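This structure is a prediction, so every number in the text was calculated from the model and none was measured.
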Amino acid sequence: MTTKTKKLDKSFKPLFWSYDFNKLDSEKDKRRIIINTVNYGNWKHWQWLSNSYGQKELKQEIKNTPASEFRFPALKLIRLLLGIKKMKYASRSDYIQAKKNI
């Protein structure tokens, strides 16, 4: 998406309790914003995601994020709304291998 960086509305602040909300950047922190908003946001937050990133980009970002990043009920609903058939799953061996490489 080639838009200017959008500032998150203050209504998003409760969704990012463990982050410095004022330093969040809608492009640099796109994946974190999408994950937290899908998991903890309401319908207005989800609409912001769709309007800000576009459904195509939003769908692609969600498909490329391991399903384990999402709460199950939220993932089920967002997959239904965006028509996502298949999700990315991180296998246990991938996790173990990543830990060895640290």
Side-chain angles (χ1 to χ4, degrees):
M1 182 172 201
T2 56
T3 62
K4 295 180 183 176
T5 299
K6 290 187 178 183
K7 185 85 170 139
L8 292 175
D9 184 72
K10 64 182 177 183
S11 69
F12 280 78
K13 194 168 185 171
L15 310 181
F16 298 93
W17 62 88
S18 61
Y19 295 89
D20 186 345
F21 183 75
N22 295 320
K23 291 184 180 178
L24 286 174
D25 179 289
S26 64
E27 283 305 310
K28 289 180 188 173
D29 303 311
K30 179 178 11 179
R31 180 167 284 185
R32 177 52 41 207
I33 290 170
I34 290 171
I35 291 168
N36 279 39
T37 302
V38 167
N39 282 330
Y40 306 110
N42 61 34
W43 184 249
K44 287 187 179 193
H45 295 122
W46 284 27
Q47 287 177 314
W48 184 92
L49 284 180
S50 183
N51 292 334
S52 296
Y53 298 121
Q55 285 204 358
K56 184 178 179 183
E57 188 172 346
L58 180 59
K59 182 176 180 177
Q60 192 62 38
E61 196 68 40
I62 291 171
K63 283 173 63 174
N64 290 329
T65 302
S68 59
E69 292 282 330
F70 299 99
R71 292 173 47 238
F72 184 71
L75 179 61
K76 214 170 166 182
L77 181 57
I78 199 71
R79 285 181 64 188
L80 180 67
L81 291 172
L82 294 177
I84 297 172
K85 303 281 186 223
K86 188 172 180 173
M87 291 294 297
K88 179 179 176 181
Y89 287 90
S91 71
R92 178 81 175 137
S93 61
D94 291 342
Y95 174 78
I96 293 169
Q97 188 62 37
K99 287 290 188 184
K100 286 181 182 178
N101 292 331
I102 292 179

Asn36 vs Phe12, side-chain contact (heavy atoms from CB on, under 4.5 Å): CA-CA, chis, key distance, verdict
CA-CA 9 Å; Asn36 279 39; Phe12 280 78; over 6 Å; no

State the CZ-CD1 distance between Arg31 and Ile62, to the nearest 0.5 angstrom.
10.5 Å

Side chain proximity check, Tyr53 to Glu27, heavy atoms < 4.5 angstrom
yes

Can you give me the closest heavy-atom contact between Lys85 and Arg79, atom names plus distance?
O-NH2, 2.7 Å

Quick one: do Trp17 and Ile34 end up in the same hydrophobic cluster if we chain Ile, Leu, Val, Met, Phe, Trp and Tyr together by side-chain heavy atoms under 4.5 Å apart?
yes

So for atom CD, which belongs to Gln55, do other residues, nucleotides or ligands contribute more than 12 heavy atoms lying within a distance under 6.0 Å?
no

Interatomic spacing from NZ in Lys56 to CD in Glu61 - rounded to 0.5 Å
14.0 Å

Do Lys44 and Asp9 have side chains that get closer than 4.5 Å, going by heavy atoms?
no

Can you check whether Phe70 reaches Lys76 side chain to side chain, under 4.5 Å on heavy atoms?
no

May I ask you to test the Thr37-Trp48 pair for a side-chain heavy-atom distance under 4.5 Å?
no

Would you indicate whether the side-chain heavy atoms of Ile33 and Leu49 approach each other to under 4.5 Å?
yes

Would you compute the distance between atom CG of Leu24 and atom NZ of Lys30 and round it to the nearest 0.5 angstrom?
14.5 Å

With clusters defined by side-chain heavy atoms of hydrophobic residues (ILVMFWY) lying less than 4.5 Å apart, directly or transitively, does Leu80 cluster with Ile78?
no

Kindly assign one of parallel, tilted or perpendicular to the pair Phe21 and Phe16, based on the angle between their ring planes and the thresholds 30° and 60°.
tilted

Test log, rule side-chain contact (heavy atoms from CB on, under 4.5 Å), inputs Asn42 and His45
CA-CA 5 Å; Asn42 61 34; His45 295 122; 3.2 Å; yes

Could you tell me the separation between the CG atom of Leu58 and the CG atom of Asn51, rounded to the nearest 0.5 Å?
10.5 Å

Atom OG1 of Thr65 and atom CG of Leu75: how far apart are they, to the nearest 0.5 Å?
10.0 Å

Contact check, side chains of Asp29 and Lys23, non-hydrogen atoms, under 4.5 Å:
no

Hydrophobic clustering (ILVMFWY, side-chain heavy atoms < 4.5 Å, transitive) - are Leu77 and Trp43 grouped together?
yes

Is the backbone of Glu69 close enough, under 3.5 Å, to the side chain of Asn39 for a donor and an acceptor to pair up by distance?
yes

